[in-house]
Amino acid sequence: MRLSLLMLVALVPAVPALAAETPELQRAVGAPQAVGAVHTLRQIPEACARLEGVFTGDAAAPYRFSAVRTSEQCQPRARFVDYTKAQPSTDKGWKLNDVIRVPNAACPAQQAVVRVWRLPSSNKVELDGQGQSRIYLEEAKKQAAAGQIPQVTMFAAQLQMEGKGCN
């Protein structure tokens, strides 16, 4: 009994570390993708963006991904920022939002792992009597001139390769 209690106490500090790495969204491993086939990893509608990836076949850079704008008419309510500039971490308020795993069809031992981070905005959206969020041009201009532009939710993504490459 004492031994199991000691083991439980020893494991308790490890639980928060695991919780920090648990993404907000849970998903299964994606379908294997062929080399050269461009595929959608995830859509982020509030940022008007879609994450696209492709296995390149190049040993030095086996996978490449990018954020692509979904539509010119889309009005973003969030921003997609560069991971290296943002340096997201839980200490800075970022949350691990999603972990996307994509196996290489030509090399099953290799997979691309894209981690998507989200920094929620702290501003509350006020709704009018009809339940709509409205922005009035003159008020927005005054806020911008005063440097009081409200913060928006931000997203960043990081690519890592797991497994061994095939020859």
Side-chain angles (χ1 to χ4, degrees), residues 15-58 60-105 110-128 131-137 139-141 143-163:
V15 172
L18 290 175
E21 286 296 319
T22 303
E24 295 175 313
L25 304 175
Q26 301 294 322
R27 71 173 65 226
V29 175
Q33 298 294 321
V35 173
V38 177
H39 50 275
T40 298
L41 295 167
R42 176 180 167 183
Q43 300 232 14
I44 305 175
E46 55 267 41
C48 300
R50 176 179 68 247
L51 297 179
E52 288 184 343
V54 62
F55 282 100
T56 63
D58 180 16
Y63 192 80
R64 180 178 65 240
F65 86 101
S66 60
V68 179
R69 186 164 173 106
T70 54
S71 169
E72 289 300 319
Q73 290 79 28
C74 183
Q75 298 297 315
R77 299 177 312 277
R79 288 187 322 153
F80 193 86
V81 296
D82 183 23
Y83 179 85
T84 55
K85 291 179 183 174
Q87 293 292 316
S89 71
T90 53
D91 297 337
K92 295 179 182 178
W94 288 81
K95 297 181 181 202
L96 182 59
N97 182 253
D98 199 358
V99 177
I100 305 161
R101 298 178 182 280
V102 183
N104 186 343
Q110 184 180 58
Q111 68 178 351
V113 179
V114 177
R115 285 180 170 76
V116 179
W117 292 82
R118 179 178 68 87
L119 179 63
S121 66
S122 58
N123 63 337
K124 292 238 180 199
V125 176
E126 293 184 28
L127 303 179
D128 66 6
Q132 299 292 319
S133 170
R134 307 220 188 255
I135 299 173
Y136 296 97
L137 183 60
E139 288 177 23
K141 284 182 179 179
Q143 284 180 341
Q148 298 173 345
I149 299 174
Q151 183 70 13
V152 296
T153 300
M154 291 190 284
F155 288 89
Q158 171 195 31
L159 169 66
Q160 291 179 327
M161 294 302 296
E162 290 183 358

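Keep in mind that this is a model prediction, so the values were computed, not measured.
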Exercise. With side chains defined as the heavy atoms from C-beta onward, is the minimum distance between W94 and Q87 less than 4.5 Å?
Worked result: no

Problem set entry | Min side-chain heavy-atom separation P88-L119 under 4.5 Å | no

Problem set entry | T90 side chain reached by W117 side chain, heavy atoms, under 4.5 Å | yes

Problem set entry | Pairs involving residues 82-98, ordered by first then second residue, that meet salt bridge (charged side-chain N to carboxylate O under 4.0 Å, His left out) (sequence neighbours left out) | R27-D98, R42-D98

Exercise. Excluding sequence neighbours, so at least two apart, what forms side chain to side chain contact (heavy atoms under 4.5 Å, CB included) with Q26?
Worked result: T22, P23

Problem set entry | Which residues share a side chain to side chain donor-acceptor pair (under 3.5 Å) with R101, sequence neighbours left out | E162

Problem set entry | Atom CZ of R64: over 12 foreign heavy atoms under 6.0 Å | no

For this session: Please identify each residue that fulfils side chain to side chain donor-acceptor pair (under 3.5 Å) with Q73, with sequence neighbours left out.
Result: S71

For this session: Could you tell me whether the side chain of Q158 and the main chain of A156 form a donor-acceptor pair under 3.5 Å?
Result: no

Would you give me the side-chain donor-acceptor pairs under 3.5 Å for residues 48-55, sequence neighbours excluded?
{"unit_1": "R50", "atom_1": "NE", "unit_2": "E52", "atom_2": "OE2", "d": "3.1"}
{"unit_1": "R50", "atom_1": "NH2", "unit_2": "E52", "atom_2": "OE2", "d": "2.9"}

Problem set entry | Separation of T153 OG1 from N97 CG (nearest 0.5 Å) | 10.5 Å

Exercise. For Q160, what residues pass the side chain to side chain donor-acceptor pair (under 3.5 Å) criterion, not counting sequence neighbours?
Worked result: R115

Exercise. Between Y83 and A157, which heavy-atom pair has the shortest distance, and what is it?
Worked result: CB-O, 3.2 Å

Exercise. How close do V99 and L96 get, heavy atom to heavy atom, and via which atoms?
Worked result: CG2-CD2, 4.0 Å

Seminar exercise, completed: Residue pairs meeting ring-ring contact (aromatic ring centres under 6.0 Å, His included), one or both in residues 30-53, sequence neighbours left out, come to H39-Y63

Exercise. In chain order, what residues pass the salt bridge (Lys or Arg N to Asp or Glu O under 4.0 Å) check against R118, with sequence neighbours excluded?
Worked result: E24

Seminar exercise, completed: Applied to residues 28-37, the salt bridge (charged side-chain N to carboxylate O under 4.0 Å, His left out) test, sequence neighbours excluded, yields none

Exercise. Can you name the residues that form a side chain to side chain donor-acceptor pair (under 3.5 Å) with R79, not counting sequence neighbours?
Worked result: none

